[in-house]
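Below is one structure, written out as structure tokens; comments come after it.
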Number of protein chains: 2
Amino acid sequence: MASHECVQLVPIFNDLATNQLDTIESIVRHHHYPAGSTIFSASDALDTLMIVASGQVKVYQLAANGREQLLYLLQTGDIDGEAALFENQQRTSFGEALVPTEVCSIRREDFQNLMRQYPSISINVLNVFGKRLSQLERQTTRATTESVEARLANYLIETAAALKTDTFKLPLKKKDLATFLGTTPESISRKLALFEQQALITQKPGKIIQINDADQLLLTE
Amino acid sequence: MASHECVQLVPIFNDLATNQLDTIESIVRHHHYPAGSTIFSASDALDTLMIVASGQVKVYQLAANGREQLLYLLQTGDIDGEAALFENQQRTSFGEALVPTEVCSIRREDFQNLMRQYPSISINVLNVFGKRLSQLERQTTRATTESVEARLANYLIETAAALKTDTFKLPLKKKDLATFLGTTPESISRKLALFEQQALITQKPGKIIQINDADQLLLTE
DNA sequence: CGCGACTTTGAATAGCCTCAAGACATGTGG
DNA sequence: CCACATGTCTTGAGGCTATTCAAAGTCGCG
């Protein structure tokens, strides 16, 4: 793995010079997780900041009844663990590598020192927090006020927008997509079939989705 | 209104000395909102930090289908607007005073200066963010994985815990409570009647709820 | 190529929402 | 201080969406 691999990837270190990145890189630890392995669990101590260098991590919670809720899908450059960088807390969620994944971590104490040294970092972290909060607020609103159909339509539109293409491969298994959207794999199958029947999308083998009529899809209630 | 009224209330200014609080108080603006009035709307510019000095503010979003989702209930000492203290953004939610409410505000620019001057503030803000994120994550998980019955039971338990008493008055109209829990006023009525029938709670006139069996209530699925 | 995991499809059910009407409370003006 | 008006809450009946359970079909990995 190249030096800088993690540190360069992360927006929160954006404003720093190369030699400063070197400093940070030297206090970072590298980890590898095979597909399907657990990276952290609820009730683990939360005392490191985690950076995804490559791969894909699903972050989820378990409800009292055992059902799973997918909260975030972390990709290259995403971070997690910022929630308690200054307070002793326990994790409340689980992290699982969906594919082989490289992770770098910084201990809480080291990160606090970094923030004292480079104030721009704390401002960047605040911005990351802010975006995540806004995103979660929207997700909560949708989950509780809109139908499964509307939520799925929205997800397809947003995924296409993020990837800047009309044709893309679903980045998740239907099972995981279901827990993300707060529904079941069966319902997703049915709704996708419905969209296809309405000619709004085309499904191709390999979880490939092609969006034919984004405007109409957005009108789904 | 006394000086310091707002500034003293807010945990993010906890670590500052009295004369520093004076400085901050001098750059704060005071506002009064009658019950039922709108404090801010979605698409408003988000360029001030808001502190609730007294009263109660409901913060909600509107979904595409017009349905309302209550995200937060701000009480004395709570803040809002931190989400975009460093980036130009628009609001995505609405704020409405439920009772006569006093609010103080600090302009983004002034707050940025404060943070540069007193680094402890940014650390406190990060902690506030972290807690709000954790809370929203739990709320999202519950909203999408648990039944209306379980969500209501949980809400009652948590409210009782927060107020440190078994008997309390519901702080919201059923309509607002419904949008908070992602359900309808009718369903809340029915579930409360069910809990009472099971002797888990007792309802008294004036939205007073008495919890008789918290343990059993928590087991509601 | 075969096995296990994922996905699709079907039928039945359950939980929740909608709509509507009546009861209650709350606060206002006379 | 009472009477009334308005908004809020409760209760009932009906319908619909989404879940559950089960079984067959498909994909992809070793």
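Here D:dC29 presents its P atom at 11 Å from NZ of A:K173, a figure rounded to the nearest Å. B:L194 has its CG atom 14 Å from the P atom of D:dT10, to the nearest Å. Rounding to whole angstrom units, CD of residue A:E149 and P of D:dT19 are separated by 12 Å. Here D:dT19 presents its C1' atom at 18 Å from NZ of A:K175, a figure rounded to the nearest Å. Distance, B:I188 CD1 to C:dT18 P: 13 Å, rounded to whole Å. Between B:D176 atom CG and D:dG7 atom P there is a gap of 15 Å when expressed in whole angstrom units. For the pair B:L181 CG and C:dC16 P, the interatomic distance rounds to 12 Å; values are reported in whole Å. Rounded to whole Å, the distance from CG on A:L98 to C1' on C:dC6 is 14 Å.
Defined by atom type and a distance below 3.5 Å, a donor-acceptor pair is missing between the side-chain atoms of B:S54 and B:T76.
Side-chain contact between B:I79 and B:M50: absent, with no pair of heavy atoms (C-beta onward) separated by less than 4.5 Å.
Using cut-offs of 30° and 60° for the angle between ring planes, the B:Y60 and B:F94 rings count as parallel.
Atom NZ of B:K207 sits in a crowded spot, with more than 12 heavy atoms from other residues, nucleotides or ligands closer than 6.0 Å.
Close to C:dC16, at under 4.0 Å from its OP1 or OP2, lies no side-chain N or O of B:T184. Taking 4.0 angstrom as the limit, B:S187 places a side-chain polar atom (N or O) nearer than this to OP1 or OP2 of C:dC17. The side chain of B:K191 places no N or O atom within less than 4.0 Å of a non-bridging phosphate oxygen (OP1 or OP2) of C:dG15.
With salt bridges taken as basic N to acidic carboxylate O contacts below 4.0 Å, one links A:D176 and A:K58.
Residue whose closest nucleotide on DNA chain D sits further toward the 5' end, between A:R151 and A:E186: A:R151.
Of the candidates C:dC16, C:dT18, D:dT10, the closest approach to any side-chain atom of B:R67 belongs to C:dT18. Closest to the A:K174 side chain, of the nucleotides D:dA18, C:dT8, C:dC17, is C:dT8. When the nucleotides D:dA18, C:dT9, D:dT20 are ranked by their closest atom to the side chain of A:A193, C:dT9 comes out on top.
Between the side chain of B:R190 and the base of D:dG12, at least one donor-acceptor pair of N or O atoms lies under 3.5 Å.
For the side chain to side chain contact (heavy atoms under 4.5 Å, CB included) test with B:I12, the passing option among B:N127, B:I51, B:L49 is B:L49; the others fail.
In the region residues 197-215 of chain A, proximity to DNA chain D at under 4.0 angstrom, judged on heavy atoms, holds for A:G206.
Within 4.0 Å (heavy atoms only), A:G36 reaches no atom of the nucleic acid at all.
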**OP:** May I have the step-by-step check of side-chain contact (heavy atoms from CB on, under 4.5 Å) for A:L172 and A:L98, ending in yes or no?
**Re:** CA-CA 9 Å; A:L172 290 168; A:L98 292 180; 3.7 Å; yes
